[in-house]
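Single-structure report; data block below.
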Amino acid sequence: MEYWHQYLQRRIDGEEPDVPWFLHDKIECARFCQTHSLPVVNILRDFETPAEINLSGLPLEFVLKPTQLHSAQGVMVLSEHPEGFHEAFHDEVLTEDEIRERQQEFFDRPELNQKHLSGNRLIVEEKVVDADGYDIPRDFKVYAFGGRVELILVIDRNTRPHTVQWFDRKLTPIGGDRISYNPRKVDIGDFDLSEIGPEIIRVGEAASSAVPTPFCRIDLYRSVQGLVIGEITLTPGGLYFGQSYTLSRTYERNLAQQWRDAEKAQSS
């Protein structure tokens, strides 16, 4: 009997062939999305190293992030402030030099020494204006297998702890029979996907169909212009590490079967 975790572990261990690791670079991911006519967040500027960061002449609000880190590592949601820049994630004011120092700390992390994470850079992205008025846009994380969406995770990062909720492809909230939440890490939300859910599935399945691998996670934001892709992740950490939520063993087997079916379809 095989489980979703086992399939993901094989990928992490380098045992799965032809994984499109280039998608973990946000610049390459944006190019991929544009090539496949997928909606993606606009990149305004890029830097090779933190020392090169120059934030002059940018819009009043923007996002600075490393190109090869995930789970919001190094992400700074910035806006102009009389003393420098206000950073929304941590509600603090930083000078440009302090921003360079913080980003250098992320660049020095040992995980960036992995072979498929070489060439880390920094980008400035256009700040997504949330269509529903959230200061920090909600994340809609879509777990898809060969062009079929199976799970949607909604995260509201404006709360402490973050508010989250899982849905299946029928847009039905998922409870403890399939996914268990850790109340010490997250609050369970009461989100309504009846309006935006079908579009989330449509964009998620279009992106998954374009990605040449059996499984990926597509991270979406609901902007005032419509849904946009923030990134495509091949080794999502939330379910893998299980600190905030965990899959039931039965559901693990079900998702492993989805992975197998997608793998067979792509190899045929």
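The figures here come from the full heavy-atom set of this structure, side chains too, leaving out hydrogens, waters and symmetry mates.
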For atom CZ of R184, is the number of surrounding heavy atoms from other residues, nucleotides or ligands below 6.0 Å larger than 12?
-> no
Starting at CZ of F89, measure out to CZ of R157 and round the result to the nearest 0.5 Å.
-> 5.5 Å
Under the 3.5 angstrom rule, does the side chain of D132 hit a backbone N or O of Y134 as a donor-acceptor pair?
-> no
Which of E92, E87, E96 passes salt bridge (Lys or Arg N to Asp or Glu O under 4.0 Å) with R102? It is E92
Report yes or no: do T213 and R11 form a side-chain donor-acceptor pair below 3.5 Å?
-> yes
Any donor-acceptor N/O pair, N158 side chain to I136 backbone, under 3.5 Å | yes
Candidates I229, T233, D139 - the one meeting side chain to side chain contact (heavy atoms under 4.5 Å, CB included) with D219 = T233
Quick check: are there more than 12 heavy atoms from other residues, nucleotides or ligands sitting under 6.0 Å from CG of D13?
-> yes
From the options V128, V203, N42, L220, select the one residue that forms a side chain to side chain contact (heavy atoms under 4.5 Å, CB included) with V228.
-> V128
Do S267 side-chain atoms and E263 backbone N/O form a donor-acceptor pair below 3.5 Å?
-> yes
Plane angle bin for H36 and F32 - parallel if under 30°, tilted between 30 and 60°, otherwise perpendicular | tilted
Is there a donor-acceptor pair closer than 3.5 Å between any side-chain N or O of S223 and the backbone N or O of D130?
-> no
For R148 and E150, what are the C-alpha separation, side-chain angles and deciding distance, and is it a salt bridge (Lys or Arg N to Asp or Glu O under 4.0 Å)?
-> CA-CA 6 Å; R148 178 183 169 87; E150 290 296 332; 2.4 Å; yes
Atom pair CZ/CZ of F145 and R169 - distance to nearest 0.5 Å = 11.5 Å
Using the six-membered ring wherever Trp is involved, compare the ring planes of F85 and F62 and label them parallel, tilted or perpendicular (cut-offs 30° and 60°).
-> perpendicular
So, for W166 and Y143, is the gap between ring centers shorter than 6.0 Å?
-> yes
Backbone of G204 reached by a side-chain donor or acceptor of S208 within 3.5 Å = no
Could you name each residue pair satisfying side-chain hydrogen bond (donor to acceptor under 3.5 Å, both in side chains) that touches residues 239-248, not counting sequence neighbours?
-> Q9-Y240
Does a donor on one side chain and an acceptor on the other come within less than 3.5 Å for Q165 and T163?
-> no
Side-chain (E52) to main-chain (E48) donor-acceptor, under 3.5 angstrom = yes
